[in-house]
There are 2 protein chains.
Amino acid sequence: MSTSSALKFFMNLAKVQALVSRRFDRLNMHGLGFSDFMILYLLHQAGEERMRRIDLADRIGLTASGITRMLLPLEKNGLLKREINERDARVSYVVLTTAGKRLFNEALDTANEAAKDLLPAATVKAIKPLSDILATLGGNIS
Amino acid sequence: MSTSSALKFFMNLAKVQALVSRRFDRLNMHGLGFSDFMILYLLHQAGEERMRRIDLADRIGLTASGITRMLLPLEKNGLLKREINERDARVSYVVLTTAGKRLFNEALDTANEAAKDLLPAATVKAIKPLSDILATLGGNIS
DNA sequence: GACATATACTTGATTACTCAATGATTTTAC
DNA sequence: GTAAAATCATTGAGTAATCAAGTATATGTC
């Protein structure tokens with residue numbers, strides 16, 4: 001049996017993600033890893049800068065358990081805080097603090113620069129159809 | 001500052017890879033995770049089914065350290081074995097065993113099927129430009 | 001042919017996740 | 001209105017990786 005182009009695609013996806021995430025993490029953006037940055041990004045985007053943990057997990061593509069663990073150091077460093085939901089005691093919101101907002105804005109510049117650096121300028125123009133393909137695979141971050 | 005489309009692309013790449021790798025790993029292809037599968041794939045492709053650890057690391061997108069650790073259980077399970085290089089005592093080759101070859105062939109079917117399942121048939125045709133971009137980012141597995 | 005530098009690999013400590021199970025609460029169904 | 005099912009979050013145990021440092025060997029330079 002031969003290897004389908006679909007499978008090769010997924011192998012290259014895995015490899016590129018490994019390379020790219022290592023490069024982003026090495027930037028050590030103001031102390032944030034890339035996943036940390038994504039969490040701040042999603043919160044920044046959300047109305048009132050607050051999200052349920054489960055929604056955050058879903059949106060970032062991790063499990064609820066993973067989110068619980070990722071948030072711990074960010075809370076400890078005062079970038080996020082926790083808020084309860086009056087109507088549903090199971091829920092606890094994640095809320096961006098002022099410090100979190102400030103750090104995010106700084107990190108955003110760094111991240112944007114790194115992203116542009118990584119993605120050849122010529123390629124940027126061709127990116128729309130690619131984003132569409134990622135979207136069919138669950139990549140719905142905008 | 002706004003978010004460049006390049007940065008959004010990388011966030012979606014990260015998310016999709018997280019989703020996809022979880023789905024592949026849940027298949028538990030004959031006891032192999034997706035990274036294990038990739039290792040066997042690359043060895044299978046290599047001339048004489050042997051590679052230096054450093055080349056394997058490079059090709060799969062991990063660090064040498066990561067490779068050392070990933071190979072341990074595969075060696076213990078008899079899918080791979082270790083071979084020295086007569087000319088250079090620093091090198092130790094990774095070699096696919098007969099058992100490894102057999103398991104790889106079984107896993108390949110499962111992996112191909114899963115890949116086709118994941119990637120909408122309509123999309124497969126449109127995948128070329130994304131593969132090209134992945135290639136510029138270091139995704140050179142074929 | 002010795003010394004500095006580079007290369008291949010492993011190890012120690014740490015981080016970032018996973019799954020499966022559990023606790024707490026809410027919603028649904030009768 | 002109570003029992004069963006679903007949902008949200010956390011925890012315990014484990015895996016898969018990272019980086020930085022260390023060991024061993026090889027290569028290039030003078």
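In the text below, chain A, chain B and the rest are named by the order of the sequence lines, each starting its count at 1. Here the structure is a predicted model, which is why all the values come from computation and not from measurement. Computed from heavy atoms alone, side chains included, the values below leave out hydrogens, waters and symmetry copies.
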Whole angstrom value for the distance that separates [atom2] of [N] from [atom1] of [X]:
X       : N      : atom1 : atom2 : result
B:Asp88 : C:dC9  : CG    : C1'   : 11 Å
A:Asp58 : D:dT7  : CG    : P     : 13 Å
A:Met70 : D:dT10 : CE    : P     : 14 Å
A:Arg90 : D:dC8  : CZ    : P     : 6 Å
A:Ile54 : D:dA6  : CD1   : P     : 16 Å
A:Ile60 : C:dC17 : CD1   : P     : 8 Å
A:Arg53 : D:dT10 : CZ    : P     : 4 Å
B:Leu71 : C:dT11 : CG    : C1'   : 15 Å

Original post:
OP1, OP2 of D:dT7 versus side-chain N and O of A:Arg52: anything below 4.0 Å?
Top reply: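 For D:dT7, OP1/OP2 do not have a side-chain N/O of A:Arg52 under 4.0 Å.
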
Original post:
Would you say a side-chain N or O of B:Arg23 is under 4.0 Å from OP1 or OP2 of C:dT18?
Top reply: no

Original post:
With under 30° as parallel and over 60° as perpendicular, where do the rings of B:Phe10 and A:Phe24 fit, or are they tilted in between?
Top reply: perpendicular

Original post:
Any side-chain donor paired with an acceptor under 3.5 Å for A:Arg53 and A:Thr68?
Top reply: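 A:Arg53 vs A:Thr68: no donor-acceptor pair found between side chains.
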
[N] base / [X] side chain donor-acceptor hit below 3.5 Å:
X       : N      : value
A:Ser65 : C:dC17 : no
A:Thr68 : D:dT11 : no
B:Arg69 : D:dT18 : yes

Original post:
Quick one: on DNA chain D, does B:Ile67 or A:Ser92 contact a more 5' nucleotide (nearest heavy atom)?
Top reply: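 The 5'-side residue here is A:Ser92.
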
Check every atom of [options] against the side chain of [X] and return the nucleotide holding the closest atom.
X       : options                : value
A:Arg82 : D:dT18, D:dA9, C:dT18  : D:dA9
B:Ala64 : C:dT18, D:dA20, C:dT10 : C:dT10
B:Arg26 : D:dA9, C:dA20, D:dA24  : C:dA20

Subject >> Along DNA chain C (nearest heavy atom to each residue), the more 5'-positioned of A:Ala89 and A:Thr63 >> reply: A:Thr63

Original post:
Would A:Glu75 and A:Arg82 pass as an ion pair if we require N to O under 4.0 Å?
Top reply: yes

Original post:
With the threshold set at 4.0 Å, does a side-chain nitrogen-carboxylate oxygen contact exist between B:Arg22 and B:Asp25?
Top reply: no

Can you give me every donor-acceptor pair (side chain of residues 56-67 of chain B, partner residue at least two apart or in another chain, under 3.5 Å) with its distance?
unit_1, atom_1, unit_2, atom_2, d
B:Thr63, OG1, B:Gly66, N, 3.1
B:Ser65, OG, B:Arg69, NH1, 3.4

